Number of protein chains: 2
Amino acid sequence: MFSVPARTQYAIRAMVHLARLPDRSATAAEIAAAEGIPVKYLEGIMTRLKLCGLVESERGKNGGYSLRADPGELSMLSIVEAMDGSVKPVSCVEGASVCAQGGGCLPRKFWLGLKDAIDLYLKDKTLRDVTEA
Amino acid sequence: MFSVPARTQYAIRAMVHLARLPDRSATAAEIAAAEGIPVKYLEGIMTRLKLCGLVESERGKNGGYSLRADPGELSMLSIVEAMDGSVKPVSCVEGASVCAQGGGCLPRKFWLGLKDAIDLYLKDKTLRDVTEA
DNA sequence: ATATATTCCTAGTAACCCGATAGGAATATA
DNA sequence: TATATTCCTATCGGGTTACTAGGAATATAT
């Protein structure tokens with residue numbers, strides 16, 4: 001239950017990898033080799049991380065990816081959300097109007113509480129915390 | 001992210017439904033009608049809840065399902081685990097030996113912490129809490 | 001200039017899980 | 001005996017996931 005897709009795990013491993021490098025930058029090929037991730041698959045992941053502003057990229061020779069923020073300022077939630085969107089145990093977290101039961105569903109608060117618990121944990125942890133674990 | 005399968009939401013709605021009834025028992029057809037759940041699909045869910053000891057069943061006419069424990073003594077974690085197994089964000093929660101990185105993976109503790117946070121929330125909430133929300 | 005290294009873009013694919021349906025067998029009651 | 005119910009097995013379409021393939025765009029080095 002609540003298993004995290006491989007791409008998200010890959011994304012986090014990639015971010016940790018970058019954070020541990022002196023200049024916090026590397027090519028997709030380097031990261032892939034070091035972390036045992038399929039290169040082509042990782043490319044797509046890095047592109048996504050870039051679109052979400054977590055890394056920046058340079059194309060062409062001597063190009064690569066580099067962290068855009070200090071690891072201590074980067075919450076794990078931001079990485080998770082970049083890959084998978086917001087934490088949403090049930091679709092009605094966004095408003096009772098989405099509820100097929102017309103808001104007459106008792107468990108909703110329970111799910112909202114779960115979302116809060118998860119969000120809290122993820123928001124509190126930074127990339128630095130994970131890197132230095 | 002972390003979306004809960006419909007069957008688990010159905011299971012919880014069914015359990016809440018039972019908990020609110022005077023004698024805490026009903027047929028699958030009744031629950032399905034009240035909660036807007038496909039009957040045949042719910043049947044399989046109820047069977048599973050029974051196998052995990054959360055409800056008991058009687059076959060034949062006047063049969064149905066009934067709660068086996070007091071709602072106040074039944075953690076939401078037990079329902080979730082009945083449907084989806086233990087909370088396992090990553091496969092290596094069961095031991096570093098499962099890790100493809102040979103335990104050299106920094107994020108592991110991070111994921112274990114997430115599991116703990118989720119487990120804690122789910123263990124603390126009882127069916128009664130949700131029913132009375 | 002040209003070769004090379006890199007990101008970026010688009011498509012495709014095999015496998016899996018999920019929600020749901022179908023049909024009926026077993027079983028208990030009225 | 002008729003009926004209501006749980007229980008069992010099989011199937012199916014659709015979506016997602018992880019991954020692969022092929023190349024276009026772009027920047028650097030020589």
Side-chain angles (χ1 to χ4, degrees), chain A residues 1-14 18 23 25-68 80 82-85 88-91 100, chain B residues 1-14 18 23 25-68 80 82-85 88-91 100:
Chain A
M1 185 57 173
F2 295 118
S3 71
V4 175
R7 64 165 180 273
T8 308
Q9 301 181 43
Y10 289 161
I12 288 175
R13 297 232 304 271
L18 286 178
D23 58 350
S25 76
T27 68
E30 286 166 358
I31 301 173
E35 298 290 333
I37 303 170
V39 188
K40 281 292 196 178
Y41 194 43
L42 181 61
E43 281 181 12
I45 291 169
M46 298 311 294
T47 297
R48 191 152 180 178
L49 290 174
K50 184 199 171 183
L51 288 179
C52 293
L54 302 190
V55 301
E56 52 195 358
S57 66
E58 286 213 32
R59 292 165 74 139
K61 207 162 185 174
N62 292 347
Y65 298 94
S66 54
L67 289 188
R68 253 188 87 186
V80 168
M83 300 311 294
D84 297 302
K88 197 159 59 164
V90 293
S91 57
Chain B
M1 185 56 174
F2 295 117
S3 72
V4 175
R7 65 167 178 270
T8 308
Q9 301 180 43
Y10 289 162
I12 288 175
R13 297 232 304 273
L18 286 178
D23 58 350
S25 75
T27 68
E30 286 166 359
I31 300 172
E35 298 289 332
I37 302 171
V39 190
K40 280 292 194 179
Y41 194 43
L42 181 61
E43 282 182 10
I45 291 169
M46 297 311 293
T47 297
R48 192 152 180 176
L49 290 175
K50 184 200 170 183
L51 288 179
C52 293
L54 302 190
V55 301
E56 51 194 0
S57 67
E58 286 213 32
R59 293 164 75 139
K61 207 162 184 176
N62 292 347
Y65 299 93
S66 55
L67 289 189
R68 254 188 84 186
V80 168
M83 301 310 294
D84 296 303
K88 196 158 59 166
V90 292
S91 57

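Side chains included, hydrogens not; waters and symmetry mates left out as well; all remaining heavy atoms used. Order of the sequence lines fixes the chain letters, A, B, ..., with proteins taken first and strands second; residue numbering starts at 1 for each chain. Bear in mind the structure is a predicted one, so any value in this text is a computation, not a measurement.
- When atom types are taken as modelled, the side chain of B:Q9 and the backbone of B:V4 share a donor-acceptor pair closer than 3.5 angstrom.
- Atom CD of B:E35 sits about 9.0 Å away from atom CG of B:L42, to the nearest 0.5 Å.
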Expected string for nucleotides 18-30 of chain D under the B/S/- scheme (protein heavy atoms, under 4.0 Å, primed atoms plus P, OP1, OP2 as sugar-phosphate) is BBB-BB-BBBBS-

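- Here C:dA14 sits opposite D:dT17 as a Watson-Crick or G-U wobble pair (both hydrogen-bonding atom distances under 3.5 Å).
- Counting any heavy atom pair closer than 4.0 Å across all strands shown, B:G64 reaches sugar-phosphate atoms only and no base atom.
- Across the protein-nucleic acid pair, B:L42 atom CG and C:dA22 atom C1' stand 17 Å apart, rounded to whole Å.
- When rounded to the nearest whole Å, the span between CG of B:D84 and C1' of C:dG19 equals 13 Å.
- Separation of atoms CE (B:M46) and CD1 (B:I37) is listed at 9.0 Å; rounding is to 0.5 Å.
- A straight line from CZ of B:R13 to C1' of C:dG19 spans 14 Å, rounded to a whole angstrom.
- Heavy-atom neighbours of A:R7 CZ from other residues, nucleotides or ligands within 6.0 Å: above the threshold of 12.
- Straight-line distance from the CZ atom of A:R48 to the P atom of C:dC9: 14 Å, rounded to whole Å.
- Using a 4.0 Å heavy-atom criterion, one finds that A:A29 contacts no nucleic acid atom at all.
- When all heavy atoms of B:V39 and B:A29 are compared, the closest pair comes out as CG1-CA, 4.3 Å.
- When the side-chain nitrogen and oxygen atoms of A:S57 are compared with OP1 and OP2 of C:dC8, one or more of them lie within a distance under 4.0 Å.
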Please tabulate, one pair per line, all N/O donor-acceptor pairs under 3.5 Å involving side-chain atoms of residues 49-67 of chain A, not counting sequence neighbours.
residue, atom, partner, partner atom, Å
A:K50, NZ, A:S57, OG, 3.3

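- Both distances falling under 3.5 Å, in either a Watson-Crick or a G-U wobble arrangement, place D:dA24 opposite C:dT7.
- Distance CD1 (A:I45) to C1' (C:dC8): 15 Å, rounded to an integer number of Å.
- Here D:dC7 presents its P atom at 8 Å from CG of B:L51, a figure rounded to the nearest Å.
- Atom pair B:L18:CG and D:dT6:P shows a separation of 11 Å (rounding to whole Å applied).
- Rounded to whole Å, atom P of D:dT5 lies 7 Å from atom CD of B:E30.
- A distance of 8.0 Å separates CZ in B:R48 from OG1 in B:T8, rounded to the nearest 0.5 Å.
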